[in-house]
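Comments concern the structure below.
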Amino acid sequence: MKKLATEERDGMSTIVRTVTRWVSAFIILYGLYIVAYGHLTPGGGFPGGVIMAGGFVLLMLAFGKKRLTALLPVARASALDCLGALGFWLLAVAGLVFGGGVFFRNFLPHGLRLRLWSAGIIPLCNVAIALKVTASLVLMLVALSVLRVKAGGTDEDFVSDIEEE
Amino acid sequence: MVYLLCLVLFLIGIYGVLTQRNLIKIILSLAVVESSVSLFLILLGYRVGGIAPIETAARPHESFIGMSVDPLPQAMVLTAIVISLGVLALSIAIAMRLYQRYGTYDVTQIRNLRG
Amino acid sequence: MLMNLIVVLLMFVAIGAVIAIWTRDLLSAVIAIGVLGFTCAVVLLLLRAPDVAITRIVVEVLLLIILIRSVLRRGVRTVESSRSVPGMALAGAFVAVLLVLGVIAIRELPPFGEPVALMGLNEPAPTQPLEAGGPKQEIPPPSQTYIKQGLEKTHSGNIVTAVLLDYRAYDTLGEAAVLFTAVVGAIALLRRKSRKPPSPAEMAAGVGGSEDR
């Protein structure tokens, strides 16, 4: 029973792994598309970020946590999380500095309408938010799924290896 | 009628929060409340025969103005949904910590077992 | 036609909610929540909110994964009995009062499909500029401005994104802060207490020992 549990924790069967290897890449690509075209088609930073997090979570479910943390270590994920938040804030401050003293002023040139390179800082904000949402949700899922507690245990029994990698 | 169904959904969630004893069931009830509120806000912005608030090159601007649904509640609900996911995950984390401490998800037992 | 479809789907959502609340089996409850969420996403799509629908679907998937992975592996599969009878009666009375108040409030709402914020949008705009207006000048609701000038001012075809990241970016900043706080809270809750307590010398030196706090 215990052995079964460890196997289950480390990942799923070969079929699932093989399919996941292909599908997760496409899911993450789709998330990137949703983010990049967020100002033209339905989508944006939030849905795209959640989709990309879903791709990473699929990897984690199929291959186990080790594989995911090899791909995206927890320290790097938290760094990306902070980077996304900081980037969004910096874009706002850049509006304050370059855009005539208005926080969140769209200071970049707007470009042609309905093109990919247009709308000033909006695509950049989308990217920052997608980074933030992806990293946050992946971190949260890793934190929730590494935890294996025994009922009524003390803190010494509290198995949580978030930052051991 | 549509608003009434939303209200009923909200009240089902509230009833669950008030009567359930299991922490996980309380969290699920909160999810019900959240989805009812987001649905209600989107329903408020709907316009009969409307189109999505996305301008394309195919549709002239004038007809877009005449047909688009209200974009403001959609933008607000979009953020609210992602926040609710974060909040639900946080509350699940708290529930798991409580389970680890007390060995049960039952709130009445947790209340009795202080210490 | 569309309204009937939405009503049927909302009834479906309500049934899912009732099952999620009433069933004793936790796995059934979680699956009922999933049904509720996906039906909500379909309703949102019918209401012409594709952004929200996409987000809702993916969030629901992640929520199901979180719930099934982290909750149902605890070995707790079923729920004990509900609260005591007086407690349930009290809750029922409270909900009934809320229902009456809500019905009164709903009667004041505009009919479905005619949002107040978009009233008068189809009439031609007043030609005089805003500052020239006299005392009767009415400022239109912000939604009308977004629809009319969103593309022109921000060059973003998706007006929802324009509202989210240009007109009301403060909201988004606050949202990012809330999400950040939730993640930090969850990680702080789920990690081990502290790897080692700080020694008195470190405390005195103000180093603070471990970075856990």
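Here the structure is a predicted model, which is why all the values come from computation and not from measurement. Quick note on labels: first sequence line is chain A, next is B, and so on, each numbered from 1.
- Contacts between B:Leu44 and chain C at a heavy-atom distance below 4.5 Å involve backbone atoms as well as side-chain atoms.
- Within the 4.5 angstrom heavy-atom criterion, only backbone atoms of C:Leu46 (N, CA, C, O) approach chain B.
- If you tally non-hydrogen atom pairs under 4.5 Å between each of C:Gly102, C:Ala32, C:Ala49 and chain B, the highest count goes to C:Ala49.
- When atom types are taken as modelled, the side chain of B:Gln74 and the backbone of C:Val52 share no donor-acceptor pair closer than 3.5 angstrom.
- Nearest heavy atoms, C:Leu36 versus B:Ser35: CD2-OG, 3.3 Å.
- With chain B as partner, the option from C:Val7, C:Ile6, C:Val43 having the largest number of non-hydrogen pairs under 4.5 angstrom is C:Val7.
- Taking CD1 of C:Ile159 as the reference point, atom OG of B:Ser68 lies at 7.0 Å (rounded to 0.5 Å).
- Neither the backbone nor the side chain of C:Tyr167 comes within contact range of chain B; no heavy atoms are under 4.5 Å apart.
- Each of B:Leu9, B:Val32, B:Ile12 was evaluated against C:Val18; a single residue qualifies, B:Ile12, per the side chain to side chain contact (heavy atoms under 4.5 Å, CB included) test.
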The test is side-chain contact (heavy atoms from CB on, under 4.5 Å); show your working for B:Leu90 and C:Leu189 and say whether it passes.
CA-CA 9 Å; B:Leu90 180 63; C:Leu189 270 171; 4.2 Å; yes
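- Only the side chain of B:Leu7 has a heavy atom closer than 4.5 Å to any heavy atom of chain C.
- Chosen from B:Val87, B:Ile42, B:Leu4, the residue pairing most often with chain C at heavy-atom distances under 4.5 Å is B:Ile42.
- Remark: side-chain polar atoms of B:Lys25 are paired, donor with acceptor, to backbone N or O of C:Thr23 under 3.5 angstrom.
- Considering OG1 of B:Thr19 and CE of C:Met88, their distance stands at 5.5 Å, rounded to 0.5 Å.
- The candidate with the highest count of non-hydrogen atom pairs below 4.5 Å against chain C, out of B:Ala31, B:Pro71, B:Ser29, B:Gly86, is B:Pro71.
- Heavy atoms of B:Leu88 lying under 4.5 Å from chain C belong exclusively to its side chain.
- Atom-to-atom distance recorded for B:Ile81:CD1 and C:Glu175:CD is 11.0 Å, nearest 0.5 angstrom.
- Annotation for C:Val160 and B:Pro53: closest pair CG2-CG, 3.7 Å, computed over non-hydrogen atoms.
- C:Leu47 places none of its side-chain heavy atoms less than 4.5 Å from the side chain of B:Val69.
- The most heavy-atom pairs under 4.5 Å with chain C, out of B:Ile14, B:Leu39, B:Val82, B:Leu43, come from B:Leu43.
- Comparing C:Val183, C:Leu90, C:Leu99, C:Ile54 by how many heavy-atom pairs each has under 4.5 Å with chain B, the most go to C:Leu99.
- A perpendicular orientation is assigned to the rings of C:Phe112 and B:Tyr3, their planes being inclined by more than 60° (bins at 30° and 60°).
- Looking at B:Ile94, both its backbone and its side chain come within 4.5 Å of chain C, counting heavy atoms on both sides.
- Looking at every heavy atom in both residues, B:Ala52 comes nearest to C:Pro50 through CB-CD, 3.7 Å.
- The shortest heavy-atom contact between C:Ile21 and B:Gly16 is CG2-CA, 3.8 Å.
- For a residue to count as touching a neighbouring chain, one of its non-hydrogen atoms must lie under 4.5 Å from one of that chain's; by this rule C:Ile33 touches chain B with the side chain only.
- The contact between B:Leu28 and chain C is made by backbone and side chain atoms together, counting heavy-atom distances below 4.5 Å.
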Trace of the side-chain contact (heavy atoms from CB on, under 4.5 Å) decision for B:Met76 with C:Arg168
CA-CA 9 Å; B:Met76 298 296 104; C:Arg168 295 192 171 228; 3.8 Å; yes
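- In this structure, the portions of C:Ala17 lying under 4.5 Å from any heavy atom of chain B include both its backbone and its side chain.
- For the side chain to side chain contact (heavy atoms under 4.5 Å, CB included) criterion with B:Leu85, the lone passing option out of C:Leu63, C:Thr55, C:Val58, C:Leu179 is C:Leu63.
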Carefully, step by step, assess C:Asp171 and B:Thr79 under the rule side-chain contact (heavy atoms from CB on, under 4.5 Å).
CA-CA 8 Å; C:Asp171 270 334; B:Thr79 57; 5.8 Å; no
